[in-house]
Amino acid sequence: MSNQRNIQREKRDKLFLKGPIYFGWIRQNIKDPTARLLLVARAFMDMEEKTHYTLTLKVWDCAGINDKSRRARVLKNIRKDVKDYSVERRIGKPSVIHHMK
């Protein structure tokens with residue numbers, strides 16, 4: 001019984017939503033700023049078919065994160081809690097987020 005349930009879960013995990021899902025919808029409906037940034041950054045990565053993306057003001061604005069201190073907390077949360085992503089801090093330049101497969 002448990003094995004059948006695991007097989008079903010694996011099949012369901014591969015299901016996806018078809019878009020478009022607008023950034024405005026993400027800002028309004030996802031309260032966690034870290035999750036919003038990851039969704040928006042991943043969308044930009046997918047558009048350009050890259051595994052990394054520079055976190056410019058455009059990305060932060062699309063994710064609805066406009067406060068400098070909140071940005072720092074979001075980057076700290078990604079470094080600490082998110083396994084599939086890493087953040088490269090660059091002095092005097094925007095940070096870069098990397099998706100590790």
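These numbers come from a predicted model, not from an experiment. We count residues from 1, following the sequence as given.
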In Thr34, Leu75, Ile65, the residue satisfying side-chain contact (heavy atoms from CB on, under 4.5 Å) with Arg70 is Ile65
Please give me the minimum heavy-atom distance between [X] and [Y], naming the atom from each residue.
{"X": "Leu38", "Y": "Val82", "answer": "CD1-CG2, 4.0 Å"}
{"X": "Lys31", "Y": "Gln28", "answer": "NZ-O, 3.4 Å"}
{"X": "Pro33", "Y": "Val74", "answer": "CB-CG2, 3.8 Å"}

Roughly how far, to the nearest 0.5 Å, is the [atom2] atom of [Y] from the [atom1] atom of [X]?
{"X": "Ile21", "Y": "Asn29", "atom1": "CD1", "atom2": "CG", "result": "10.0 Å"}
{"X": "His99", "Y": "Lys50", "atom1": "NE2", "atom2": "NZ", "result": "16.0 Å"}
{"X": "Lys80", "Y": "Asn77", "atom1": "NZ", "atom2": "CG", "result": "6.0 Å"}
{"X": "Arg79", "Y": "Glu88", "atom1": "CZ", "atom2": "CD", "result": "11.5 Å"}
{"X": "Arg90", "Y": "Ser95", "atom1": "CZ", "atom2": "OG", "result": "7.5 Å"}
{"X": "Arg89", "Y": "Lys93", "atom1": "CZ", "atom2": "NZ", "result": "15.0 Å"}

Group every Ile, Leu, Val, Met, Phe, Trp and Tyr by side-chain heavy-atom contacts under 4.5 Å, then state whether Met47 and Val96 land in the same group.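 Unlinked, Met47 and Val96 end up in two clusters.
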Please say yes or no: joined through hydrophobic side-chain contacts below 4.5 Å, possibly via intermediate residues, are Met45 and Phe23 part of one cluster?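 Met45 and Phe23: one cluster.
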Keeping the roles fixed (side chain from [X], backbone from [Y]), state whether a donor-acceptor pair exists under 3.5 Å.
{"X": "Arg36", "Y": "Ile30", "value": "yes"}
{"X": "Arg71", "Y": "Trp60", "value": "no"}
{"X": "Arg27", "Y": "Cys62", "value": "yes"}

Salt-bridge contact Arg42-Asp46 (side-chain N to carboxylate O under 4.0 Å):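 So Arg42 pairs with Asp46 through a salt bridge.
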Taking the side chain as everything from C-beta on, heavy atoms only, tell me whether [X] gets closer than 4.5 Å to [Y].
{"X": "Val87", "Y": "Lys76", "result": "no"}
{"X": "Arg5", "Y": "Arg9", "result": "no"}
{"X": "Ile97", "Y": "Thr54", "result": "no"}

Between Tyr85 and Tyr53, is the ring centroid distance below 6.0 Å? no
